[in-house]
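Input: a single structure, listed below in structure tokens.
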Amino acid sequence: HPTTCYGFNFSCGEKWGKDLEDIYGILPKKATRVAPPKMSKLEYQLAYIIGYLDGDGSIGLRKIEDRLTPYIKVQSCSGNIIRWIQQILEKTFPYQRQSRKIIETKTESGKDFFIYSVAGLSAGIMLYYLRQVPYYKLDRKWGNQALWDNINELKNKNPYLFDLNLTFP
């Protein structure tokens with residue numbers, strides 16, 4: 001089931017354990033306590049979010065009010081990581097009009113999980129720039145030509161909204 005949270009155990013030395021926690025936010029009982037990564041460079045934060053989308057998220061087109069529109073959705077048992085993703089995305093891509101951005105909490109099998117979703121022009125702007133971040137992306141999620149055609153249409157209709165002066169090496 002797509003909303004079920006799973007866990008795993010592994011053992012490592014103290015130095016590796018400290019590195020896993022300090023650099024990647026991996027700590028005991030990670031499913032509910034995962035902390036946002038400690039990265040200050042925007043490019044790395046966005047690369048982390050891309051990886052998160054590849055693993056525990058989805059992107060694509062959704063029908064809203066009889067038209068297809070881009071969307072982004074991530075979920076986790078950790079509200080901390082979902083709020084961090086929301087904060088980075090909304091600070092980097094501040095356009096708010098005609099968009100739907102929500103965080104919801106759901107409970108399944110007695111465990112809470114958190115969902116952040118964005119749809120509409122805001123999602124299109126976010127995806128347009130996330131696609132430019134020069135790190136690996138899963139083709140089965142990022143290779144949807146209909147999605148990119150839709151986003152290019154949005155960009156052609158609203159070019160000034162896609163002019164954020166963000167560049168990545």
Side-chain angles (χ1 to χ4, degrees), residues 2-3 5 19-27 30-62 64 68-104 113-169:
T3 58
C5 294
D19 284 350
L20 287 170
E21 184 172 342
D22 290 346
I23 298 169
Y24 302 105
I26 297 173
L27 54 151
K30 180 182 178 291
T32 56
R33 295 180 46 219
V34 67
K38 296 175 182 172
M39 306 170 181
S40 58
K41 193 171 179 183
L42 178 62
E43 179 182 344
Y44 299 156
Q45 293 170 340
L46 296 177
Y48 182 92
I49 291 169
I50 289 164
Y52 203 93
L53 281 165
D54 283 353
D56 287 329
S58 58
I59 64 173
L61 292 170
R62 172 179 295 156
I64 296 178
L68 290 175
T69 188
Y71 77 90
I72 297 172
K73 180 178 175 182
V74 290
Q75 59 190 41
S76 175
C77 290
S78 169
N80 290 334
I81 197 70
I82 295 299
R83 284 185 288 278
W84 180 83
I85 289 171
Q86 176 191 28
Q87 178 185 14
I88 297 300
L89 290 177
E90 292 182 11
K91 185 174 121 187
T92 306
F93 312 106
Y95 180 74
Q96 302 278 330
R97 194 169 155 253
Q98 295 178 340
S99 65
R100 185 171 101 78
K101 298 178 184 181
I102 56 170
I103 288 187
E104 41 181 330
F113 65 95
F114 304 86
I115 299 169
Y116 172 62
S117 60
V118 183
L121 187 52
S122 286
I125 294 167
M126 291 174 183
L127 289 168
Y128 175 80
Y129 282 100
L130 287 173
R131 187 180 193 199
Q132 295 177 36
V133 177
Y135 294 96
Y136 177 80
K137 297 164 191 73
L138 283 178
D139 190 54
R140 68 181 169 83
K141 291 194 178 188
W142 296 87
N144 178 346
Q145 191 57 50
L147 171 63
W148 303 113
D149 291 345
N150 184 289
I151 290 171
N152 283 329
E153 247 181 71
L154 290 173
K155 184 178 181 231
N156 290 337
K157 288 179 184 174
N158 308 280
Y160 59 98
L161 295 175
F162 286 79
D163 187 17
L164 298 180
N165 293 319
L166 286 176
T167 57
F168 305 101

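No experiment lies behind these values; they were computed from the predicted model shown.
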Practice problem: Look at the side chain of Asp56 and the backbone N and O of Tyr52, then say whether any donor-acceptor pair between them is shorter than 3.5 Å. | Solution: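 No: the side chain of Asp56 does not pair with the backbone of Tyr52.
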
Quiz item: So, the side chain of Asp54 versus the backbone of Leu138: is there a donor-acceptor pair under 3.5 Å, distance only?
Solution: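 Yes: the side chain of Asp54 pairs with the backbone of Leu138.
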
Quiz prompt | Trace of the side chain to side chain contact (heavy atoms under 4.5 Å, CB included) decision for Leu68 with Arg62 | solution = CA-CA 5 Å; Leu68 290 175; Arg62 172 179 295 156; over 6 Å; no

Shortest non-hydrogen separation from [X] to [Y] and the atoms involved:
{"X": "Lys141", "Y": "Gly55", "value": "NZ-N, 4.3 Å"}
{"X": "Pro37", "Y": "Ile81", "value": "CD-CD1, 4.1 Å"}
{"X": "Ile125", "Y": "Leu161", "value": "CD1-O, 3.8 Å"}
{"X": "Val74", "Y": "Ile82", "value": "CG2-CD1, 3.7 Å"}
{"X": "Lys137", "Y": "Ile50", "value": "CG-CG2, 3.5 Å"}
{"X": "Ala123", "Y": "Pro70", "value": "CB-O, 3.5 Å"}

Rounded to the nearest 0.5 Å, what separation is found between the [atom1] atom of [X] and the [atom2] atom of [Y]?
{"X": "Leu127", "Y": "Leu89", "atom1": "CG", "atom2": "CG", "result": "9.0 Å"}
{"X": "Leu121", "Y": "Leu154", "atom1": "CG", "atom2": "CG", "result": "5.5 Å"}
{"X": "Gln86", "Y": "Ile49", "atom1": "CD", "atom2": "CD1", "result": "11.0 Å"}
{"X": "Gln45", "Y": "Ile85", "atom1": "CD", "atom2": "CD1", "result": "11.0 Å"}
{"X": "Ile59", "Y": "Leu53", "atom1": "CD1", "atom2": "CG", "result": "6.5 Å"}
{"X": "Met126", "Y": "Tyr71", "atom1": "CE", "atom2": "OH", "result": "15.0 Å"}

Quiz item: Under the 6.0 Å and 45° cation-pi test, does Arg131 pair with Trp142?
Solution: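 Judged by the rule (NZ or CZ under 6.0 Å from the ring centre, within 45° of its axis), Arg131 is not positioned above Trp142.
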
Quiz item: Is the ring centre of Tyr48 less than 6.0 Å from the ring centre of Trp84?
Solution: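 Yes, ring centres under 6.0 Å apart.
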
Quiz item: Side-chain donor-acceptor pair under 3.5 Å between Tyr116 and Ser76, yes or no?
Solution: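 Ser76 and Tyr116 do not have a side-chain donor-acceptor pair below 3.5 Å.
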
Is the shortest heavy-atom distance from the side chain of [X] to the side chain of [Y] under 4.5 Å?
{"X": "Pro134", "Y": "Glu43", "answer": "yes"}
{"X": "Gln132", "Y": "Leu166", "answer": "no"}
{"X": "Phe93", "Y": "Leu164", "answer": "yes"}

Exercise. List for me each residue that meets side-chain contact (heavy atoms from CB on, under 4.5 Å) alongside Thr69, sequence neighbours excluded, and say none if there are none.
Key: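 By the side-chain contact (heavy atoms from CB on, under 4.5 Å) rule, Thr69 matches Ile64.
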
